[in-house]
Amino acid sequence: MTNPITNFTETERLYQRALKTIPTASQTFSKSASNYVKGASPLFAARGKGAELWDVDGNRYIDYTMGLLPVVLGYCDPDVDAAITTQLSRGITFSLATELEITLAERLSALIPCAEMVRFGKNGTDATSAAVRIARAATGRDKILVCGYHGWQDWYIGSTTRYLGVPEVVRKLTFTFPYNDATAAERLLEENRGEVAAVVIEPMALTPPARGFLQALRDLTSRHGSLLIFDEIITGFRIDLGGAQKAFGVVPDLAAFGKAMGNGMPISAIVGRRDVMRYMEEIFFSGTFGGETLSIAASLATIDKLERDDVLPNLTLLGATIVREIRTLLAEAGLDRSFKLVGDNWWPGLLPHPESNHDPVLLTSLLRQELIANGVLMGSTFNFSFAHAEPRILSETLEAFRRALHVVSTALASVDAWKCLRGEPIRPVFSVRTTTPPQITD
Ligand SMILES: Cc1ncc(COP(=O)(O)O)c(C=O)c1O
């Protein structure tokens with residue numbers, strides 16, 4: 001039995017140093033201190049290998065965050081790293097386009113149903129923003145309907161509680177509707193008849209699509225002359241090699257891919273119907289690093305391996321096992337009314353139970369704190385990589401959960417469970433995805 005992880009001395013030293021020059025001490029909200037119980041969590045990584053991450057204090061974790069989902073094969077995957085190294089010896093960013101761009105565009109086009117044409121970006125935000133600009137150019141309309149999370153740009157973030165800095169005129173152009181509510185989308189399209197350029201939606205996040213929901217959006221957008229844009233930044237190269245559009249058989253006009261397509265290298269793609277993508281010739285979407293070759297080489301190697309080793313079905317099987325085992329452990333710890341397994345086996349989530357009497361912030365903070373103490377680094381979801389399929393990783397994970405859940409259960413039974421936190425609780429940035437999805441079935 002290993003001792004709980006309690007030493008975060010170097011994390012604390014680096015945190016204090018970072019705060020002097022880096023607002024939030026991180027480049028990404030979801031990786032910043034606000035997501036962790038301060039003083040009882042690592043904030044800085046030193047290295048990773050496979051499914052494991054070592055922090056700057058030398059503590060080792062099985063990582064279920066995996067860089068917020070891009071690392072689909074595992075840290076330092078030998079095949080991807082070899083592709084990067086080979087390309088590195090030839091050069092990184094050139095003065096001209098390269099054949100690699102054509103090869104990757106052809107590869108995406110062969111895999112993804114709507115992808116007649118393809119352009120590349122670096123972040124998911126590049127891809128969703130390019131898609132929205134194309135839609136506005138193609139329709140001559142300004143308004144956008146959104147559902148899910150789509151990045152940090154004005155047209156999206158202005159519709160959330162984090163709208164500070166977004167002009168009011170821009171905020172007025174974006175409307176949100178709840179997932180699986182085609183009637184709400186229809187009402188907005190009717191109320192803004194002839195003015196909606198596109199409906200942008202994560203085709204699936206933690207809630208599976210209700211029967212007919214995605215097809216209803218397809219029909220509604222076609223009828224209203226608006227484009228349907230699938231934000232496949234998460235579903236892409238996870239739910240299916242052809243994305244959610246392949247998995248659910250509904251083809252959008254445009255789609256955005258990113259995250260898992262490069263196993264951690266910064267690359268995204270806007271793909272779509274030829275006649276619509278042609279607007280790329282008239283709008284402005286252009287960047288110095290759009291054709292950066294290390295990421296493109298990494299993406300080709302990642303997709304090759306995902307296909308060759310049939311990785312995605314294996315990850316879904318792993319998800320089914322994890323869900324089954326964790327459900328048993330929750331019941332054994334008497335926590336099945338405190339936490340709820342949600343989502344689908346390709347991307348399961350573990351959220352505070354909506355019917356629990358405990359504050360969700362307390363539940364999340366306690367669970368995150370005790371998982372870390374037992375060597376599991378995790379947010380609200382199981383972000384698998386191929387490296388997690390190793391049996392040792394699964395058995396260590398389940399043992400860590402068993403111990404962590406026991407401590408959480410004891411804490412919740414105590415007079416003041418908040419006192420069991422060894423630092424400040426987490427502070428969620430905002431919530432954009434439905435949190436009351438149905439429980440997973442095996
Ligand atoms: C569904 C979805 N769309 C868009 C984005 C934005 O991608 P990025 O953070 O790479 O800009 C994200 C990021 O988490 C996402 O999950």
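Order of appearance sets the numbers: ligands from 1, and atoms from 1 within every ligand. Just so it is clear, the values below take in all heavy atoms, side chains as well, and ignore hydrogens, waters and symmetry mates.
- The shortest N or O to N or O distance between Y149 and ligand 1 is below 3.5 Å.
- Shown in contact with T125 at under 4.0 Å from a heavy atom are these atoms of ligand 1, numbered in order with element: 6 (C), 7 (O), 8 (P), 11 (O).
- Between the side chain of Y179 and the main chain of P203, a donor-acceptor pair closer than 3.5 Å is present.
- Of all atoms in ligand 1, listed by their number and element, those nearer than 4.0 Å to a heavy atom of D231 are 1 (C), 2 (C), 3 (N), 4 (C).
- Seen from the ring of W54, R47 counts as a face-on cation partner, given the 6.0 Å and 45° thresholds.
- Taking the six-membered ring for Trp, Y64 and H388 have ring centres closer than 6.0 Å.
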Begin with the C-alpha distance, continue with both residues' side-chain angles, and end with the deciding distance and a verdict on side-chain hydrogen bond (donor to acceptor under 3.5 Å, both in side chains) for D231 and Y149. CA-CA 9 Å; D231 176 342; Y149 174 77; over 6 Å; no

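- Residue contacts with ligand 1, taken as heavy atom pairs separated by less than 4.0 Å, involve H150 solely via the backbone atoms N, CA, C and O.
- Counting non-hydrogen atoms of neighbouring residues, nucleotides and ligands closer than 6.0 angstrom, the CZ atom of R136 exceeds 12 such neighbours.
- Counting heavy atoms of neighbouring residues, nucleotides and ligands inside a 6.0 Å radius, atom CD of E99 does not exceed 12 of them.
- Under 4.0 angstrom from ligand 1, the non-hydrogen atoms of N123 come from both its backbone and its side chain.
- Taking 4.0 Å as the cut-off, K259 counts as a neighbour of ligand 1 on heavy-atom distance.
- In terms of polar-atom proximity, defined here as any N/O pair under 3.5 Å, I233 makes no such contact with ligand 1.
- Atoms of ligand 1 found under 4.0 Å from any heavy atom of I234 (numbered from 1 in listed order, with element): 16 (O).
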